[in-house]
J.: 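Here's a structure for you.
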Amino acid sequence: MSLSTHVLDAALGRPAAGVAVRLERDGQVLAEGVTDADGRIAGWTCGAGDHRLVFDTGGYFASRAVDAFYPRVSIDFTVTDPGEHHHVPLLLSPFAYSTYRGS
């Protein structure tokens, strides 16, 4: 299955470029990357089961000299159909975040 993510900085109203992200399963790192200028990472693959995306939000905000409450955001999700594409967006600000299953 293919996996992508998109990080948007709600405080700035634009994509969050330069966010370090890693994909984990069962404590193992499957992939690591950094969001591009459009705040995206695409083309990762993983099979069925429970997974975790970990976003280094503290590093992102520190690089912009912005105080933030959450040093990282971890999103756990379950893949039931490995044939489907999964998109996990993250909308963030220094003191809040939200996510949903995208398409």
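Everything quoted here is computed from the prediction, not taken from an experiment.
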J.: So Asp50 and Asp76, do their side chains get closer than 4.5 Å, heavy atoms only?
T.: no
J.: Let me see the working for His87 and Ser4 under side chain to side chain donor-acceptor pair (under 3.5 Å), right down to the final yes or no.
T.: CA-CA 5 Å; His87 183 65; Ser4 60; 2.6 Å; yes
J.: Report yes or no: does His86 contribute a side-chain atom to a donor-acceptor pair with the main-chain N or O of Pro82 at less than 3.5 Å?
T.: no
J.: Looking at Arg64 and Ala17, what are the two nearest heavy atoms and their distance?
T.: NH2-O, 2.9 Å
J.: Identify the heavy atoms of Phe61 and Ala68 that sit nearest to each other, and give their distance.
T.: CD1-CB, 3.5 Å
J.: When rounded to the nearest 0.5 angstrom, what is the spacing between OH in Tyr97 and CG in Leu8?
T.: 16.0 Å
J.: Where do Leu3 and Cys46 come nearest, in terms of heavy atoms and distance?
T.: CD2-SG, 4.4 Å
J.: In the single-linkage hydrophobic clustering (I, L, V, M, F, W, Y; side-chain heavy atoms under 4.5 Å), do Tyr70 and Tyr60 co-cluster?
T.: yes
J.: Determine all donor-acceptor pairs shorter than 3.5 Å in which one atom belongs to a side chain in residues 29-40; sequence neighbours excluded.
T.:
| from | atom 1 | to | atom 2 | distance (Å) |
| --- | --- | --- | --- | --- |
| Thr35 | OG1 | Ala16 | O | 2.7 |
| Thr35 | OG1 | Gly18 | N | 3.0 |
| Thr35 | OG1 | Val19 | N | 2.9 |
| Asp36 | OD1 | Asp38 | N | 2.9 |
| Asp36 | OD1 | Gly39 | N | 3.1 |
| Asp36 | OD1 | Arg40 | N | 2.9 |
| Asp38 | OD2 | Arg40 | NE | 2.8 |
| Arg40 | NH2 | His6 | ND1 | 3.4 |

J.: Is the side chain of Ser2 donor-acceptor paired with the backbone N or O of Thr45 at a distance under 3.5 Å, no angle test?
T.: no
J.: Rounded to the nearest 0.5 Å, what separates atom CG in Leu53 from atom OG in Ser74?
T.: 9.0 Å
J.: Give me the atom names and distance for the closest heavy-atom approach of Phe95 to Asp67.
T.: CZ-O, 3.8 Å
J.: Roughly how far apart are Arg25 CZ and Arg52 CZ, rounded to 0.5 Å?
T.: 13.0 Å
J.: So, for Leu90 and Leu92, which heavy atoms are closest and what is the spacing to 0.1 Å?
T.: CD2-CD2, 3.8 Å
J.: Between Pro94 and Ala11, which heavy-atom pair has the shortest distance, and what is it?
T.: CD-CB, 4.0 Å
J.: According to a 4.5 Å side-chain heavy-atom criterion applied to Ile, Leu, Val, Met, Phe, Trp and Tyr, with indirect links allowed, do Trp44 and Val54 form part of one hydrophobic cluster?
T.: no
J.: Has Phe77 got more than 12 heavy atoms of other residues, nucleotides or ligands less than 6.0 Å from its CZ?
T.: yes
